[in-house]
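To start, the structure under review is shown below, and the notes come after it.
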Amino acid sequence: MSQENPGNELAKAASAYLRSAAHQPVGWREWNGEAFAQAKAQDKPILLDIGAVWCHWCHVMDRESYENAEVARIINESFIPVKVDRDERPDIDARYQVAVSALTGQGGWPLTAFLTPDGKPFFGGTYFPSDDRAGRPGMKRLLEAIAHNYRTQRDQIHDSAAKIAEALSEVEHFKEGEEAADEKVVKAIVESIGGMFDAQNGGFGSAPKFPHPSAIDLLLEVYLETRQDWPLNIVTTTLEHMGRGGVYDQIGGGFHRYSVDERWIVPHFEKMSYDNAGLLGNYLRAYQLTGNKLFRDISLGILVFLENVLSHPEAGFYASQDADINLDDDGDYFTWTLDEFNAVLEGPEAQVAALYYHVEAQGEMHHNPAKNVLFIDQSISAIAARLKLDEAKIVELLASARRKMSAARARRQTPFIDKSIYTSWNGMLISALLEAYRVLGIAGERDRALATLDLLATKAFDRDKGMYHTLVDGVPRIEGLLEDQVFIIAALIDAYEITGTRFYFERGVELMEITLHRFWDEKAGGFFDTAHDLADRHGSLTTQRKPFQDSPTPAANAVAAMVLDRLDVLADREDFGNKAEATLKLFAPKAAQYGLFAATYGLALLHHLRAPIDVVVVGRADDDRTMNLLRAAYETPRAGKHVFAFESAVVQARDLPAGLVTTLPALPFDGVPVALVCEGSACHPPVQTPAALRELLAPAKSA
């Protein structure tokens, strides 16, 4: 091949994002030792591009810059180009996001970074057009300037890059201080979250607005602890505005990634599996506490989206759905012109749906003002009063309209679905679907969750390495990421609670032992985001980091602390509890500074500081009395509650984890299902009726 168009090696990449660049004239390499060796041998800087298949501006930059023959020529002559999928390699993305943000104040995707041959960043940014435009430097001019500077000022660039790398190594450095990991830390985090609350529109901060499921979870737990109204008010206000907004797909269910406005009306239309996992848990728990039908409907809508769009036919969940069909539209699949709307609906259906979803000649999309984002603009009662119809008739017309609009939308070309199965995100979804079983009683969601867990716990698991990050055609790839270990451990514990199947508990303990062996910092405590025994480290992967912030998924160290505490109680493993405490102490001095982004840490600390409440229901699974006790246990809200279901033969044989053996009394079961409520190491006498169980689980009068 010629130097001007050397081709690239991405056609056989596992990542859909990388494969999408296989046709480009840029000689892209994947992140690997060969690319770094070539950069060192040729003494060329590395051009690092980090993006994602769902990222609109990544594809814009691909088309404008990397498909430009002149830009490609400059890159191929003067750089070693490396392309990374941020979903496939969150470890690489996290490090260079910190670096580019520190260098330029910019972050996000596409991330464009210029590195020395050994991978140290010395310049970067995000989106660059091919030529200068609107105050942004063009890629051609930028590439030529950096290539010239590298040739003429190589020593200065290397020296500067080394100093930058040294400074960045301290950015996420944590060490245990005098501050105790106590209620004061939780209070400071919660107050910070409350201070960011938008009382008018819900959510936190101003535009753009992202969902923060961990913050909602923390506020719900604070409400259960204190029974004060204000945390629940923040939750319900936020969830109602999000659920009525365009950030929620009113026709197909599921949430888009974020809203560009503070009212949750106009979203960035990509849908991520991890967002929908966290939000499903939020809406289920809020429904359980409030009985608000909207929250139930949205929970069901998320489940429909997961089933229809992100479900593998057998087991497992795909990663994401794109926003766009191509670069010339912006969410056109999800939006409607008035003509498109009227072609599907007519008469009273059209009249009611147009009022409900605010469909007008002038829509909300800047690129195409005729396009309407569907959001709930008027209440059913208001529309009924305006049209002089019964509310039941309005509900009937809306249901019919939704069915017709859904069928019409299904005939449109569907945005691309990234069929990558990521272990960490699937772990989150497994836990969320098991919560759907607890709250809504949908056995199919339990079965789907368990099938996915069985798939990952066998095919993506290695007895020496733990969980791999992704399954590609049933083959595990990319090992050594903390997030995959801890989210699957959480899912395994959830599955054990619901099924009593010993495999899930034992695999959870085994995986935690592997995680401690490979990720635990013996010197300072806490967990590294990548296994410390990995040999293939290049660039900023040589820098160790401990993930603490919820961005974009719950922080892996906080999740690790929660599962350590849960396994301490179940397995009677004091060493696990000690590791949880050490992890929480390590981050306590800085936790309050992170506020909203420390919500999972706040939740982990809250759980650590109090004795858990274990509800154990013993009886045959096919006995209605057992199921009635389980329903009462699941439905009664109580902070720190975990519900276990066991066959009576299992309990009689004491075939239980060590922690439950020492806690549960040895009772003579006579075939009548019973429930025991244990707080810490003390258990109340067993009860046989749902009413008695609810009374035991009711919060203390002084709470």
Practice item. Applying salt bridge (charged side-chain N to carboxylate O under 4.0 Å, His left out), run through Asp62 and Lys83 and close with a yes or a no. Key: CA-CA 11 Å; Asp62 277 346; Lys83 204 170 187 75; 3.0 Å; yes
Exercise for review: Establish, for the pair Lys271 and Phe255, whether the NZ or CZ atom is under 6.0 angstrom from the six-membered ring centre and no further than 45 degrees off its axis.
Suggested key: no
Practice item. Run the ring-centre check on His469 versus Tyr422 and record whether the distance is less than 6.0 Å. Key: yes
Check your understanding: So which of Leu48, Thr112, Val84 actually passes side chain to side chain contact (heavy atoms under 4.5 Å, CB included) with Tyr96?
Key -> Leu48
Practice item. Examine distances only and state if a side-chain atom of Gln250 and a backbone atom of Gly245 form a donor-acceptor pair shorter than 3.5 Å. Key: yes
Check your understanding: How many angstroms lie between atom NZ of Lys120 and atom CG of Leu115, to the nearest 0.5 angstrom?
Key -> 10.5 Å
Review point. Is Asp249 salt-bridged to Arg409, going by a charged N under 4.0 Å from an acidic O?
Key: yes
Point to revise | Qualifying residue, where the test is salt bridge (Lys or Arg N to Asp or Glu O under 4.0 Å) with Arg89 and the options are Asp85, Asp87, Asp91 | key: Asp91
Exercise for review: State, to 0.1 Å, how close Ala591 and Tyr601 come at their nearest heavy-atom pair, and which atoms those are.
Suggested key: CB-CE2, 3.5 Å
Study note, to complete from the structure: In short, Pro415 meets Ala323 closest at the heavy-atom pair CG-O, 4.4 Å
Practice item. Check side-chain contact (heavy atoms from CB on, under 4.5 Å) between Glu67 and all other residues, then give those that pass, not counting sequence neighbours. Key: His23, Gln24, Arg63
Practice item. Give a yes or no on whether the backbone of Phe128 and the side-chain of Ser65 come within a donor-acceptor separation of less than 3.5 Å. Key: yes
Practice item. Look at the aromatic rings of Trp28 and Tyr66 and report parallel, tilted or perpendicular, splitting at 30° and 60°. Key: perpendicular
Point to revise | Evaluation steps, side-chain contact (heavy atoms from CB on, under 4.5 Å), between Glu270 and Gln321 | key: CA-CA 6 Å; Glu270 61 271 10; Gln321 182 181 31; over 6 Å; no
Point to revise | Where Ser311 and Leu306 come nearest, the two heavy atoms and their spacing | key: OG-O, 2.7 Å
Review point. Given the side-chain rings of Tyr150 and His158, with only the six-membered ring counted for Trp, is the space between their centroids under 6.0 Å?
Key: yes
Practice item. Please lay out, stage by stage, how Lys140 and Glu144 fare under the test salt bridge (charged side-chain N to carboxylate O under 4.0 Å, His left out). Key: CA-CA 6 Å; Lys140 292 177 188 175; Glu144 288 172 341; over 6 Å; no
Check your understanding: Do side-chain atoms of Asn368 reach the backbone of Gly363 as a donor and acceptor pair under 3.5 angstrom?
Key -> no
Point to revise | Side-chain touch Tyr468/Ile478, heavy atoms, less than 4.5 angstrom | key: no
Study note, to complete from the structure: Between the CD1 atom in Ile302 and the CG atom in Leu280, the distance rounded to the nearest 0.5 Å is 5.0 Å
Point to revise | Reported NE2-to-OG distance for the pair His241 and Ser259, which is rounded to 0.5 angstrom | key: 12.0 Å
Study note, to complete from the structure: For Leu142 and Phe114 the tightest heavy-atom approach is CD2-CE1, 3.9 Å
Check your understanding: For Gly316, does its backbone N or O pair with a side-chain atom of Asn426 as donor and acceptor, under 3.5 Å?
Key -> no
Would you tabulate the side-chain donor-acceptor contacts of residues 327-334 under 3.5 Å, counting partners in other chains and residues two or more places apart, or write 'none'?
from	atom 1	to	atom 2	distance (Å)
Asp329	OD1	Gly331	N	3.3
Asp329	OD1	Asp332	N	3.4
Asp329	OD2	Ile325	N	3.0
Asp329	OD2	Asn326	N	3.2
Asp332	OD1	His367	NE2	3.1

Point to revise | Any donor-acceptor N/O pair, Glu9 side chain to Glu30 backbone, under 3.5 Å | key: yes
Point to revise | Sidechain-backbone polar pair: Asn282 side chain, Pro213 backbone, donor-acceptor under 3.5 Å | key: yes
Check your understanding: Charged N to carboxylate O under 4.0 angstrom, Asp118 versus Lys40?
Key -> no
Check your understanding: If you measure from the Lys or Arg side-chain nitrogens to the Asp or Glu carboxylate oxygens, is any gap between Arg151 and Asp43 under 4.0 Å?
Key -> no
Check your understanding: Would His56 and Asp324 count as having a side-chain donor-acceptor pair, cut-off 3.5 Å?
Key -> yes
Revision key, fill the gap. When rounded to the nearest 0.5 Å, the distance separating CG of Asp159 from OG1 of Thr116 is 11.5 Å
Point to revise | ring-ring contact (aromatic ring centres under 6.0 Å, His included) assessment of Trp31 paired with Phe36 | key: CA-CA 8 Å; Trp31 178 283; Phe36 282 88; 4.9 Å; yes
Check your understanding: Do the side chains of Pro45 and Ile80 get nearer than 4.5 Å, heavy atoms only?
Key -> no
Review point. Got Arg518 and Phe528 here, is their nearest side-chain heavy-atom distance under 4.5 Å?
Key: no
Review point. Distance from Lys546 atom NZ to Asp521 atom CG, nearest 0.5 Å?
Key: 3.5 Å
Point to revise | Expected output: side-chain Lys44 to main-chain Ala147 donor-acceptor under 3.5 Å | key: no
Study note, to complete from the structure: Closest non-hydrogen atoms of Ser214 and Thr600, given as atom of the first, atom of the second and distance, are OG-OG1, 2.8 Å
**Study point:** Expected output: side-chain Glu340 to main-chain Thr337 donor-acceptor under 3.5 Å
**Key:** yes
Exercise for review: Would you verify whether the NZ or CZ of Lys209 falls within 45 degrees of the ring axis of Tyr258 while also being under 6.0 Å from that six-membered ring's centre?
Suggested key: no
Exercise for review: Classify the side-chain pair Gln97/Arg86 by whether it contains a donor and acceptor separated by less than 3.5 Å.
Suggested key: no
Review point. In a check of side-chain hydrogen bond (donor to acceptor under 3.5 Å, both in side chains) between Arg537 and each of Thr530, Thr542, Thr543, which one passes?
Key: Thr530
Check your understanding: Which atom pair, heavy atoms only, marks the closest approach of Cys58 to Tyr17?
Key -> CB-OH, 4.0 Å
Review point. More than 12 foreign heavy atoms under 6.0 Å from CD of Glu166: is that the case here?
Key: no
Review point. Can you check whether Thr335's main-chain N or O pairs, donor with acceptor, with Lys371's side chain at less than 3.5 Å?
Key: yes
Review point. With a 4.5 Å limit on heavy-atom distance, are the side chains of Thr126 and Arg136 in contact?
Key: yes
Exercise for review: Could you tell me the separation between the CG atom of Asp550 and the CG atom of Asp217, rounded to the nearest 0.5 Å?
Suggested key: 10.0 Å
Check your understanding: Are Ser420 and Val472 side-chain neighbours, meaning at least one heavy-atom pair lies under 4.5 Å?
Key -> no
Review point. When the aromatic ring centroids of Phe587 and Phe174 are compared, is their separation below 6.0 Å?
Key: yes
Check your understanding: Under the criterion side chain to side chain contact (heavy atoms under 4.5 Å, CB included), which of Ile417, Asp322, Asp418 is the partner of Trp54?
Key -> Asp322
Review point. Can you find a side-chain donor-acceptor pair between Arg257 and Ser320 that sits under 3.5 Å?
Key: no
Review point. Under a 4.5 Å cut-off applied to non-hydrogen side-chain atoms, are His59 and Ser20 in contact?
Key: yes
Review point. Got a donor-acceptor contact below 3.5 angstrom from the Glu364 side chain to the Val373 backbone?
Key: yes
